[in-house]
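Scroll down for the structure; my scribbles are underneath it.
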There are 2 protein chains.
Amino acid sequence: MNINMLSSIKESPLFKIANPESIAIFGASNNITSMGSIMLNSLLSIGYKGAIYPVHLKETTVQNLAAYKSIFDLHEVPDLAILVLPTNIVCSTMDQLGQKGVKHAIVVSGGFKEVGSQGKHMEHELIQIAGKYGIRFLGPNCLGIANPHQKLNPTPFLYEGSPGSIGMASQSGSFVTQMFDYLKRLGLGFSTAFSVGNEANIDIIDCMKYLGACPNTKVISMYIEGIKNGKDFIDTARSITPHKPIVALYVGGTETGKQAGFSHTGAMAGPDRLYDGIFRQSGIIRAHSITELFDFCWALTSLPRRIGRRVIIQTNSGGPGATAADTIGREGMELPRLSKKTLDKLAPFIPHTGSIKNPVDITFSRNQMDFYAHIPEVLLEEENADLLMIYFLAPTNMLKQMLIKMGVSKIELNNNLDEIIQKNSDAFVAMLENHKKPVIGYTYNSLEEHFIQALIHRGVPVFPDPKRAAKAIGAVIRYGQLSDKIKSPQINAI
Amino acid sequence: MNINMLSSIKESPLFKIANPESIAIFGASNNITSMGSIMLNSLLSIGYKGAIYPVHLKETTVQNLAAYKSIFDLHEVPDLAILVLPTNIVCSTMDQLGQKGVKHAIVVSGGFKEVGSQGKHMEHELIQIAGKYGIRFLGPNCLGIANPHQKLNPTPFLYEGSPGSIGMASQSGSFVTQMFDYLKRLGLGFSTAFSVGNEANIDIIDCMKYLGACPNTKVISMYIEGIKNGKDFIDTARSITPHKPIVALYVGGTETGKQAGFSHTGAMAGPDRLYDGIFRQSGIIRAHSITELFDFCWALTSLPRRIGRRVIIQTNSGGPGATAADTIGREGMELPRLSKKTLDKLAPFIPHTGSIKNPVDITFSRNQMDFYAHIPEVLLEEENADLLMIYFLAPTNMLKQMLIKMGVSKIELNNNLDEIIQKNSDAFVAMLENHKKPVIGYTYNSLEEHFIQALIHRGVPVFPDPKRAAKAIGAVIRYGQLSDKIKSPQINAI
């Protein structure tokens with residue numbers, strides 16, 4: 001067995017942090033605007049099922065929970081302690097945790113390594129204390145953990161959306177918490193997300209290992225400002241990438257990014273090319289923005305792991321067809337010719353003003369319902385293609401007109417628009433799923449449009465620009481190549 | 001005077017097409033789902049003030065307007081005729097227009113050059129007929145015109161949003177009509193937009209000339225699948241770009257894009273590098289996606305024409321600050337050090353866990369209201385910087401918490417959230433406008449968030465990723481350089 005792989009997720013120092021049965025929280029109070037209180041509020045809001053023990057010097061209840069004057073007053077040893085305390089009492093509190101026998105903690109408090117030499121000294125002390133008692137902890141200067149599958153979210157943001165399949169190991173807490181809403185809008189969610197902060201004890205490599213072993217995680221995303229142990233990072237990633245894709249955004253590669261990262265978590269960044277090399281050796285796909293990071297995760301969780309380069313574009317508008325065709329070519333993919341069989345089957349549905357080349361452009365002059373039934377059905381059977389890319393032009397107003405054309409009365413429409421959209425998207429997605437060919441959508445509408453949301457929530461990725469869709473497809477193709485390379489023993493020997 | 005410039009916009013063959021006082025429409029009926037009817041419906045919906053004459057063989061009224069059996073029955077010669085007719089009667093109708101004395105037309109009907117040799121023949125005939133009578137027309141195979149300033153929108157999509165300042169000359173009708181909603185979401189709108197179709201008579205260069213002279217147009221956007229007359233294109237663009245920026249998306253430069261464009265409008269594309277050269281000589285900024293096209297227009301209409309490279313980033317979250325810093329560096333801009341004066345003024349507002357380097361990161365531990373008042377006020381006075389880039393994290397829930405902290409009661413909040421947001425964003429934007437330094441925002445929230453929408457509609461561009469913001473700033477800087485080059489007589493002589 002590879003020593004960089006966990007034989008069981010329970011071996012991870014993060015297991016009890018991500019799956020605690022009881023939590024002591026320091027710094028939550030009845031002042032609902034303090035950071036600790038906001039975090040407790042999120043934990044309660046998501047419906048966490050374990051025991052919660054607020055520790056507070058003065059209060060007897062905190063947010064309607066019985067409060068404890070000190071950790072020593074608890075009748076059990078909690079699985080996890082969360083510290084949202086002033087910097088200067090973090091070390092002494094950690095010592096008390098050790099005395100009580102607590103083995104896992106999250107230190108949210110900042111003011112350590114990231115602020116300079118005095119903070120660095122305090123961080124060193126914190127490490128010593130934890131080491132003495134065998135405490136494993138995330139942070140300091142972090143936002144900790146979100147594991148929506150366990151209804152666990154002691155972060156300052158309410159968890160939105162459903163539990164998902166994207167793992168996250170992040171050197172920024174914002175890219176855990178501020179992504180809840182972002183991912184929800186794409187119909188996505190985190191499996192488990194870690195904010196690692198200063199990585200004084202548990203580091204981003206531990207998180208990667210955990211997520212590699214986590215059954216809820218289909219793809220691992222990482223936000224990186226600097227890696228400390230390059231060799232361990234590569235070895236760990238290489239043990240994961242053959243069976244689970246990893247996508248990383250690295251921002252320390254420019255002078256400007258390096259500066260910012262250093263002020264943020266005290267991370268030491270390295271030159272861009274060095275990181276390019278690390279990622280390549282690791283089989284990690286590099287993203288160049290947060291948008292790309294999650295676009296790639298979206299495609300990697302919704303398309304098959306292995307896809308070919310031959311794309312059919314289906315459109316009802318020439319311009320959007322041409323922009324997609326252009327970007328498909330630029331991203332290194334192909335638009336194959338359609339087979340005679342497909343052309344024959346398509347002919348009845350395409351007007352003389354349309355095109356049965358690829359892109360297949362039905363224009364607006366025929367029955368738009370064919371666009372959602374007969375035409376994709378034919379295209380999904382095309383043997384010369386690996387993937388179907390569909391342009392969705394679905395403003396609610398247009399959809400209404402289409403449904404009226406189909407005989408739905410106006411009154412029925414207004415009363416039941418939502419239901420009609422649900423039913424139609426159900427039928428459409430069921431038809432797509434009957435075929436083995438993957439489907440990816442693109443649109444210039446808002447992703448918050450009813451119909452687009454319905455598609456997204458049924459698992460069809462719909463990108464707000466064909467370029468983003470094409471780059472995401474490219475990431476999936478690249479994953480196939482990278483994981484092949486990692487698997488090849490010749491390369492492994494390097 | 002430059003012969004490529006119009007001395008008056010009224011000289012343009014497009015003047016009466018974009019500003020008609022009366023319109024005859026062919027192909028609109030009481031079958032509300034036909035293309036012609038939908039187009040008439042849009043024209044009525046926007047509240048067009050001129051006379052509308054539906055021409056219909058059988059109906060006496062069309063959508064409650066008196067209808068005419070033929071163009072000869074009209075008691076006046078309309079400024080503009082719009083033809084949404086079966087291909088085979090377009091030529092004969094054009095001949096009747098000529099006999100009546102109509103001088104301007106839009107031919108929406110497709111089935112001409114873009115479908116092959118028979119269509120090409122018919123298009124030639126159409127050109128001959130128009131030539132005989134001196135008719136100038138847009139199309140065929142186009143969606144015509146939208147001029148929201150004149151409440152003119154005879155296209156198949158309802159115009160959404162307000163009249164704006166982005167001109168459009170497009171070889172795709174979709175990138176006129178399907179952008180109404182897109183631009184509205186960014187708080188933008190078209191000044192006048194042309195869909196040129198097959199350019200049988202009026203071409204994209206005529207549109208560029210018109211928009212160059214159009215007082216409502218601050219920036220010209222173009223969607224190009226192929227240019228026929230390169231020299232004329234360059235000369236015209238060069239007469240415009242010194243005083244008005246032009247941004248173009250060209251999609252014919254790949255094999256795949258070329259194929260698609262040809263099926264669409266029969267345009268002959270050329271190699272990418274050729275077009276790069278054309279754009280460079282013309283002083284045109286090239287965009288590589290629809291998203292970029294309008295991002296660049298957004299920045300070019302909301303930032304000053306000339307800006308420097310020194311950017312200050314203001315954030316309350318380290319990760320979003322670092323991603324912006326990284327991308328600012330990658331796009332060729334700088335993060336200057338803050339002056340001693342600025343540092344002194346900032347000190348009281350930044351906690352010890354924050355950073356008063358650039359990015360200025362106030363973190364979450366202090367009064368968030370400073371983020372919207374004192375801090376930007378200080379930063380806008382920094383002499384070492386040209387532009388302030390602000391991270392907006394403004395989900396409504398967070399804003400509510402902030403307002404409660406400020407003493408707004410919960411009841412008041414729920415009753416007046418919208419009003420409160422309007423008031424706060426008014427105050428914030430007024431403060432920004434009191435300073436000369438341009439401001440650009442970025443966010444990972446939905447642009448449809450209340451507060452973000454309030455900012456956008458007050459003229460502060462807020463991009464959904466710092467990379468898009470940085471690229472847009474880059475486009476403005478590039479415009480300054482390009483227009484300088486064009487103005488220089490040395491280069492003009494080429």
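Below, chain A is the first sequence line, B the second, and so on; all start at residue 1. Hydrogens, waters and symmetry mates play no part in the numbers below; they use all other heavy atoms, side chains included.
Between chain B and the residues A:Ser170, A:Gly119, A:Ser446, the most heavy-atom pairs under 4.5 angstrom are made by A:Ser446.
Using a 4.5 Å heavy-atom cutoff, the side chains of A:Asn445 and B:Tyr182 are not in contact. Under the 4.5 Å side-chain criterion, counting only non-hydrogen atoms from C-beta, B:Pro464 is not in contact with A:Pro464. Using a 4.5 Å heavy-atom threshold, the side chains of A:Pro466 and B:Ser289 count as separate. In this structure, B:Asp326 and A:Tyr250 have side chains that are not in contact, with every pair of non-hydrogen atoms separated by 4.5 Å or more. Looking at B:Leu393 and A:Phe157, their side chains come closer than 4.5 Å, going by heavy atoms from C-beta outward.
For chain A, no part of B:Ile313 is nearby; none of its heavy atoms comes within less than 4.5 Å. Of the atoms belonging to B:Thr327, not a single heavy atom falls under 4.5 Å from chain A. Residue B:Phe180 does not touch chain A at all, counting heavy-atom pairs closer than 4.5 Å.
Taking CZ of B:Phe294 as the start and OH of A:Tyr444 as the end, the distance is 9.5 Å to the nearest 0.5 Å. Here A:Ser317 contributes atom OG and B:Leu143 contributes atom CG; the two are 9.0 Å apart, rounded to the nearest 0.5 Å.
A search for salt bridge (Lys or Arg N to Asp or Glu O under 4.0 Å) contacts involving B:Lys471 returns B:Glu331, not counting sequence neighbours. With sequence neighbours excluded, the residues satisfying salt bridge (Lys or Arg N to Asp or Glu O under 4.0 Å) with B:Asp272 are A:Arg330, B:Arg286.
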